[in-house]
Amino acid sequence: MPRVDYPDLRSFLGQLKRAGDLVHIDAPVDPHLEIAEIHRRVIAAGGPALFFENVKDSRFPVVTNLFGTRKRVELAFGKRPENLIRQLVGLIESAHPPQLSDLWRNRSLAGDLLKMRARKVRTGPVSEVSQDKVRLSELPALTSWPEDGGPFITLPLGYTEHPKRHGHNLGMYRLQVHDEQTTGMHWQIGKGGGFHYAAAEASQLALPVSVFLGGPPALILAAISPLPENAPELVLASFVAGRRLRTIERSDRHPVLADLEFALLGHVPPGVRHPEGPFGDHYGYYSLRHDYPVFRVEEVFHRADAIYPATVVGKPRQEDFFIGDYLQDLLSPLISVMMPSVIDLWSYGETGYHSHAAARVRDRYKREAMMSAFRILGEGQLSLTKFLLIIDKAEDLRDFRSTLQHVLCRTRTETDLYVFSNLSMDTLDYTGPRVNQGSKGVWLGLGDPVRELPSEFGRVTDVPVGLGEVRVFCPGCLVVGGPSFRADPAAGKRFAEHPGFREWPLLVLTDEPERSAASTVNFLWTTFTRFDPASDIYARSASSLKNHICYEMPILIDARKKSGFPEELHCSSETSEQVSSRWQEYFPSGVEMGDSESAHLD
């Protein structure tokens with residue numbers, strides 16, 4: 001792997017070009033739907049990063065798919081972050097107290113610490129052009145899906161500072177372009193920028209905001225890392241980049257990073273909301289229209305030949321999946337440092353990450369495992385996890401099918417399944433009763449196996465009314481079809497109570513059994529993005545013992561789409577036909593065209 005040294009976006013693009021992993025598209029393209037569909041077909045085939053030279057109604061080229069393969073993610077960040085984490089863990093583990101020999105072994109970490117502080121400069125490439133008459137329509141912001149509420153800036157890094165104390169936040173918050181000077185500011189619950197805004201709004205203060213576009217890849221990694229509130233993301237970016245970030249100091253605003261492509265400077269006023277959305281999101285459905293704060297852009301800086309970076313999200317797996325899994329692998333050594341009783345932890349990107357996770361924990365005394373579960377569900381962004389599997393024996397958590405079997409052959413559902421109602425929910429998850437509200441489930445599978453799992457289902461003569469196709473996902477788990485929820489909301493309860501399923505620990509009721517059982521990716525996506533534990537879990541019987549609900553197997557998850565659930569994302573037929581007919585024009589030298597409709601689903 002070449003040495004990673006990217007002071008800005010274009011140095012990374014240069015490396016991709018040398019590696020043969022960047023394709024320039026000279027044909028004219030439209031940022032309204034067309035670019036996004038080209039991107040989706042390329043990423044579905046594992047194809048290269050894309051540089052669109054000729055974008056309709058904009059003088060700026062667009063680059064997408066920067067992180068659309070594991071190889072490109074590793075090329076973007078190299079070995080430095082991994083080495084940093086390893087040294088940091090080693091130093092923490094030896095610090096009781098640290099010996100001189102320990103400090104000497106980790107002396108390179110001290111060298112990296114010296115690179116943390118920003119280097120102040122008077123000017124830089126991003127300040128080549130300054131506009132105080134803002135016209136956001138000049139930016140080639142993408143409209144990715146046909147029902148999107150408008151064009152969105154999809155790779156913005158929003159920088160804020162706490163209005164009353166030290167601490168900054170750099171986070172990726174999508175921006176819907178409302179007009180020439182304003183965008184939405186999509187601060188979801190639990191986000192650092194939103195906490196800063198809440199503090200400012202409580203004092204009737206406008207919150208200054210700077211939005212960065214382009215810059216070193218390290219900025220993006222720092223912005224999306226699940227750091228504690230007010231942890232300095234810019235410091236992490238300096239660590240990852242291996243160099244001090246250059247900043248242009250300003251007396252009236254935040255400092256501006258000198259090596260960006262664009263910087264949008266302005267404020268978010270208190271007490272102002274504007275409808276935002278719909279937006280085709282990374283759960284694979286539309287996030288719906290809701291009121292969000294408004295970002296008023298007062299000044300724009302950009303390079304004279306600025307390149308506009310963008311991404312596209314949708315059904316798994318998209319760019320966010322590859323960088324998300326990289327982050328999990330990178331940060332995994334820190335898990336046992338932060339939570340000593342947790343040996344391993346994995347969130348499943350196919351579910352949008354927050355919908356489902358699994359953990360291997362220590363269970364040295366009875367129910368210590370639940371202490372670990374509560375610890376996980378109380379930790380930063382992990383607190384948004386909807387359904388958590390807990391095991392204590394060796395298992396590769398990344399292999400979901402094997403992990404599920406591990407739980408099913410060990411669990412005693414009467415004591416091992418917990419459902420917690422009336423809690424917060426990821427903003428993008430619409431399975432709960434209202435936005436940001438829902439429930440959580442924890443399912444334990446501890447110790448040694450207590451049952452043999454069935455692996456074949458022989459159809460019985462006495463079947464429950466409405467039963468459709470039945471497929472085995474894995475030993476112990478059946479995927480069953482049935483009537484729509486609207487037509488028969490009680491089908492889940494009826495199926496769970498039927499004696500024909502008594503030997504199966506887990507049933508998943510779905511609108512599309514063939515699709516759901518076709519692969520692990522399909523199962524994860526069609527199951528965990530479509531059910532709320534408190535509303536959609538049934539059992540053969542359920543009783544209360546000392547205020548604990550005891551569930552008797554089988555457990556049934558009703559993953560049918562309920563009333564009000566958002567629509568699945570689909571490209572319009574017009575755009576699909578346009579992109580198919582122009583493919584050779586886009587790529588005269590040939591680039592494989594993948595199936596964007598299914599993405600990585602089977």
Side-chain angles (χ1 to χ4, degrees), residues 9-10 13 16-17 19-69 72 137-155 177 213 261 278-282 284 286 305-322 567-602:
L9 171 64
R10 51 195 63 206
L13 295 178
L16 292 180
K17 187 174 182 179
D21 212 4
L22 176 69
V23 171
H24 286 251
I25 295 131
D26 298 319
V29 292
D30 196 330
H32 181 78
L33 302 179
E34 185 179 12
I35 286 179
E37 178 62 8
I38 297 168
H39 167 109
R40 288 191 292 265
R41 295 192 187 191
V42 170
I43 199 171
L50 302 173
F51 194 111
F52 298 94
E53 301 269 10
N54 187 356
V55 180
K56 182 181 178 182
D57 296 330
S58 180
R59 67 182 186 275
F60 302 114
V62 172
V63 64
T64 77
N65 202 20
L66 293 169
F67 308 106
T69 64
R72 279 203 297 283
S137 61
E138 294 182 352
L139 298 178
L142 303 188
T143 302
S144 299
W145 297 98
E147 300 302 320
D148 280 0
F152 284 80
I153 300 172
T154 54
L155 269 182
V177 179
L213 288 166
E261 298 296 320
F279 177 72
D281 227 315
H282 74 278
Y286 286 100
D305 60 343
I307 302 166
Y308 179 86
T311 190
V312 178
V313 292
K315 287 177 284 192
R317 302 167 175 161
Q318 303 294 332
E319 256 184 295
D320 58 304
F321 173 88
F322 295 100
E567 292 296 321
E568 182 180 332
L569 300 177
H570 299 284
C571 179
S572 69
S573 57
E574 180 181 357
T575 302
S576 179
E577 291 167 5
Q578 176 190 26
V579 170
S580 294
S581 65
R582 296 192 64 198
W583 197 260
Q584 185 62 33
E585 185 182 353
Y586 305 141
F587 305 109
S589 299
V591 166
E592 183 180 353
M593 179 167 61
D595 180 3
S596 66
E597 175 61 24
S598 62
H600 286 81
L601 299 167
D602 291 328

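Residue numbers run from 1 in the order of the sequence given.
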Q. Within a strict 4.5 Å, meaning less than it, do heavy atoms of the Leu50 and Ile25 side chains meet?
A. yes

Q: For the pair Tyr586 and Trp583, name the ring-plane relationship: parallel under 30°, tilted 30 to 60°, perpendicular over 60°.
A: perpendicular

Q. Hey, what do you get for OG1 (Thr69) to CZ (Phe321), rounding to the nearest 0.5 Å?
A. 12.5 Å

Q. Just by distance, do the side chain of Glu261 and the backbone of Ala306 share a donor-acceptor pair under 3.5 Å?
A. no

Q | Residues Glu37 and Thr575: side-chain donor-acceptor under 3.5 angstrom | A | no

Q) Quick one: are Pro140 and Phe60 in side-chain contact, heavy atoms under 4.5 Å? A) yes

Q) Above 12 or not: heavy atoms from other molecules or residues under 6.0 Å from CD of Glu53? A) yes

Q | 4.5 Å side-chain heavy-atom contact, Tyr308 and Val55 | A | no

Q) From Leu33 CG over to Gln578 CD, what is the distance, rounded to the nearest 0.5 angstrom? A) 8.5 Å

Q. For Asn65, which residues count as a side chain to side chain donor-acceptor pair (under 3.5 Å) partner, sequence neighbours excluded?
A. Arg72

Q.
Test side chain to side chain contact (heavy atoms under 4.5 Å, CB included) on Asp320 and Phe67; report intermediate values, then the result.
A. CA-CA 8 Å; Asp320 58 304; Phe67 308 106; over 6 Å; no

**Q.** Backbone N/O of Leu66 and side chain of Glu319: donor-acceptor pair under 3.5 Å
**A.** yes

Q) If you look at every heavy atom in Asp281 and Leu569, which pair is closest and at what distance? A) O-CD1, 3.6 Å

Q. If we only count heavy atoms from C-beta on, is the Asp305 to Arg10 side-chain gap below 4.5 Å?
A. yes

Q) Is it true that a side-chain atom of Lys315 and a backbone atom of Glu597 form a donor plus acceptor pair closer than 3.5 Å? A) yes

**Q.** Spatial distance of atom OG (Ser596) from atom CD1 (Ile43) [nearest 0.5 Å]
**A.** 11.5 Å

Q: Please examine the side chains of Val63 and Pro309, heavy atoms only from C-beta on, and report whether any two atoms are closer than 4.5 Å.
A: yes

(Q) Suppose we screen for side chain to side chain donor-acceptor pair (under 3.5 Å). Which residues come up paired with Glu585, at least two apart in sequence or across chains? (A) Arg582

(Q) Rounded at 0.5 Å granularity, tell me how far CG in Leu155 sits from CG in Leu213. (A) 8.0 Å

Q.
Do Leu142 and Val312 make a side-chain contact, defined as non-hydrogen atoms from C-beta onward lying under 4.5 Å apart?
A. yes

Q.
When you compare the side chain of Phe152 with that of Ser144, does any pair of heavy atoms fall below 4.5 Å?
A. no

(Q) For Val23, run the side-chain contact (heavy atoms from CB on, under 4.5 Å) check against Leu16, Val42, Val591 and tell me which one passes. (A) Val591

Q. Can you tell if the side chain of Pro146 reaches within under 4.5 Å of the side chain of Glu574, non-hydrogen atoms only?
A. no

Q. Under 3.5 Å, is there a donor-acceptor pair between the side chain of Asp148 and the main chain of Gly280?
A. yes

Q: Starting at OG of Ser576, measure out to CD of Glu34 and round the result to the nearest 0.5 Å.
A: 12.0 Å

Q) Which atom pair, heavy atoms only, marks the closest approach of Ala141 to Pro151? A) O-CB, 3.7 Å

**Q.** Value rounded to 0.5 Å, distance of CH2 in Trp145 from SG in Cys571
**A.** 7.0 Å

Q: Search all heavy atoms of Pro48 against all heavy atoms of Asp21 and return the closest pair with its distance.
A: CA-OD1, 3.5 Å

Q) Would Arg40 and Thr64 count as having a side-chain donor-acceptor pair, cut-off 3.5 Å? A) no

(Q) Show the nearest heavy-atom pair for residues Val62 and Ala310, with the distance to one decimal. (A) CG1-CB, 4.3 Å

